[in-house]
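Written out below as structure tokens is the structure these notes cover.
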Amino acid sequence: MNMHSNFKHPICGRNLDSVTCTCLALLVVTMLVLSYCRINQENLDLIPNRFLSDCGIRKDKFLEVPQIVWGLNNQKIAFARSCLTARMLNRTLLMPSLSASLFYKEIDKLQPISFDKVFQFQRFNSLCKGFVQLGEYSDIRNQTGVYEIQKGSGRKWTVERDMDQLTQFSQEPYDAYEVIRIVGKNPFLWHDHWPVKDYARIFECLVLVEEIEMEASRVVSKIRDIGNGLIDSAKNSLDSDGLVQPAPYVAVHMRIEIDWMIHCKNLERRSNMSQICSSKEEIIERVGNIAGIKPPTVVYLAVADSLLEDPSILAGWNDGLIPYEKKKLGIDGIYSKYPYLIQSAIDYEVCLRADVFVGNSFSTFSSLVALERTQKLIRMGVTSSCGMDVRWPSYAYNILAESNRPRKWMTNMSDSSLKAISYGTNIISC
């Protein structure tokens, strides 16, 4: 006799066995929970905070941070750090203000620029959905007010103390406030608690607004058009199907500006290292020794022209490497329309799209370009570029490899701290 023949499941009735019924019951519960998580924004105030935490980042509690300053990539790190701080507090980050200029070089021109004037706001939230969330000030309902906290600083303010502060303000009574406003330090200088992969995930959600992206595409098209004009179309421009292929180009983030040379010399002295600074001659020689670059090839020099005091950067390159900077390329007019932040964003995109990128591993700009190019390789299934030819290779010209070449560069995506990317390193995987 079947002991279960008379069992009546509360959902299934008599016709299905208990295992099947249990699975169906779990499915129903899962669907109910997912439906609950999709409740309309207007009803969020009816949902317990603890349940919102299970469904994703809360949209009824916010974190406000100071205006973000310094260079483009320091601002990107500061923004990501603000996002991750908000994530730990289970809050939506209020869309911060970036800075259009370098505050220590253009004090008279320093002005805030809204995040959505540089990066796509809705696109960011779509790509980072469930991980971090951006909100607008119009989302604030002023129900429970604002609580201001001061970020600690100085030698006594350790990573552990910073984490203790974040933990404290993720709990009652502080968690009850609608807005927690952090005052004081620039987020780039806050202590770091998150691995490289968390920062990288946020960087992937940063998509330039259409106007800036189109300007970058114009620059890349100009570079490739010149490259196509340099090479023999019969030999190099046609593939086996007779289709025109875009000419490859090399992008070099050439850090030889006077302010950089002062900074890197001081850094070498303090850290007792010699692989930070590189002269113009060293960069030109090492780039010329990279294997696999087929001449003639355009070499785009990404350099802050207004800060450069050496007009001879176009001289001394190997035959077959044809150097171009903004003026020679005829695109200086594109850049002159915009403040420093936008100019840097265009150059960043041009370096990111290059077939070969060469930079300085102690530069934040170069480090984030190398990080994004590493992500491209990983998505293709390449976990290491050491000793092999890969698409989109990156190199650090400040670190010498065999045959007087620059060292191949892939970001260590499993690193537990962003310190190497924020402040530079000579440990670059290869």
Side-chain angles (χ1 to χ4, degrees), residues 70-71 73-74 77 188 192 196 199 250-293 299-304 307-310 312-313 316-318 321 323 347-348 351-352 354 356-374 377 384-388 390 392-430:
W70 292 18
N73 292 286
N74 289 343
I77 290 173
F188 177 71
D192 175 41
V196 167
Y199 281 92
V250 178
V252 181
H253 183 219
M254 206 167 186
R255 292 307 318 256
I256 56 172
E257 305 92 341
I258 186 64
D259 66 317
W260 168 259
M261 297 308 291
I262 293 172
H263 166 72
C264 74
K265 289 295 184 185
N266 289 334
L267 190 57
E268 282 188 340
R269 186 175 61 255
R270 291 196 307 269
S271 60
N272 196 28
M273 295 176 60
S274 60
Q275 291 184 320
I276 300 178
C277 301
S278 295
S279 68
K280 176 192 68 176
E281 292 75 19
E282 287 174 330
I283 296 171
I284 290 173
E285 182 181 5
R286 292 175 186 179
V287 172
N289 290 330
I290 295 175
I293 298 178
V299 178
Y300 176 70
L301 306 179
V303 61
L307 304 174
L308 185 64
E309 295 187 354
D310 183 356
S312 63
I313 59 173
W317 292 83
N318 288 5
L321 296 183
D347 254 1
Y348 183 92
C351 290
L352 187 63
V356 178
F357 171 70
V358 194
N360 188 300
S361 66
F362 281 82
S363 161
T364 307
F365 181 105
S366 293
S367 293
L368 294 197
V369 171
L371 183 151
E372 289 204 52
R373 291 171 69 89
T374 295
L377 292 175
S384 174
S385 64
C386 305
M388 60 183 296
V390 296
W392 300 308
S394 300
Y395 298 84
Y397 57 66
N398 59 301
I399 304 176
L400 189 61
E402 70 284 349
S403 304
N404 201 28
R405 296 171 180 168
R407 183 75 59 84
K408 269 207 177 163
W409 188 358
M410 279 190 76
T411 304
N412 180 8
M413 300 302 293
S414 62
D415 204 316
S416 60
S417 169
L418 198 71
K419 182 178 180 181
I421 295 172
S422 300
Y423 301 103
T425 182
N426 60 359
I427 302 173
I428 55 171
S429 294
C430 294

State, with a plain yes or no, whether a side-chain heavy atom of [X] is found less than 4.5 Å away from one of [Y].
{"X": "Asn412", "Y": "Val196", "answer": "no"}
{"X": "Trp317", "Y": "Val287", "answer": "yes"}
{"X": "Phe357", "Y": "Glu372", "answer": "no"}
{"X": "Val369", "Y": "His253", "answer": "no"}

Inset, instruction - Test side chain to side chain contact (heavy atoms under 4.5 Å, CB included) on Arg255 and Tyr397 and set out the steps. - result: CA-CA 10 Å; Arg255 292 307 318 256; Tyr397 57 66; 3.5 Å; yes
Legend entry - Intermediate values then yes/no, side chain to side chain contact (heavy atoms under 4.5 Å, CB included), Glu268 and Lys265: CA-CA 5 Å; Glu268 282 188 340; Lys265 289 295 184 185; 4.1 Å; yes
Legend entry - Side-chain H-bond candidate by donor/acceptor type, Asn398 with Ser361, under 3.5 Å: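 Side chains of Asn398 and Ser361: pair found under 3.5 Å.
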Inset, instruction - Could you tell me whether the side chains of Ser403 and Asn289 share a donor-acceptor contact shorter than 3.5 Å? - result: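 The criterion, which ignores hydrogens and geometry beyond distance, is not satisfied for Asn289 and Ser403.
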Inset, instruction - Check the pair Thr364, Trp70 against side chain to side chain contact (heavy atoms under 4.5 Å, CB included), reporting the backbone distance first and the verdict last. - result: CA-CA 11 Å; Thr364 307; Trp70 292 18; over 6 Å; no
Legend entry - Exercise: identify the closest heavy-atom pair between Ala396 and Pro406: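 Closest heavy-atom pair between Ala396 and Pro406: O-CB, 3.4 Å.
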Legend entry - Considering all heavy atoms, the nearest Leu352-Arg373 contact: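 Nearest heavy atoms, Leu352 then Arg373: O-NH1, 3.0 Å.
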Inset, instruction - Mind checking the SG-CH2 spacing from Cys277 to Trp260? Nearest 0.5 Å is all I need. - result: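 Atom-to-atom, Cys277:SG and Trp260:CH2 are 7.0 Å apart.
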Legend entry - CE on Met410 to CG on Leu371, rounded to 0.5 Å: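 Answer rounded to 0.5 Å: 10.0 Å.
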Inset, instruction - Check step by step if side chain to side chain contact (heavy atoms under 4.5 Å, CB included) holds for Ile283 and Asn360. - result: CA-CA 10 Å; Ile283 296 171; Asn360 188 300; over 6 Å; no
Inset, instruction - For Arg269, enumerate each residue passing the side chain to side chain contact (heavy atoms under 4.5 Å, CB included) test, keeping only those at least two apart in sequence or located in another chain. - result: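 Side chain to side chain contact (heavy atoms under 4.5 Å, CB included) check on Arg269 returns Asn266.
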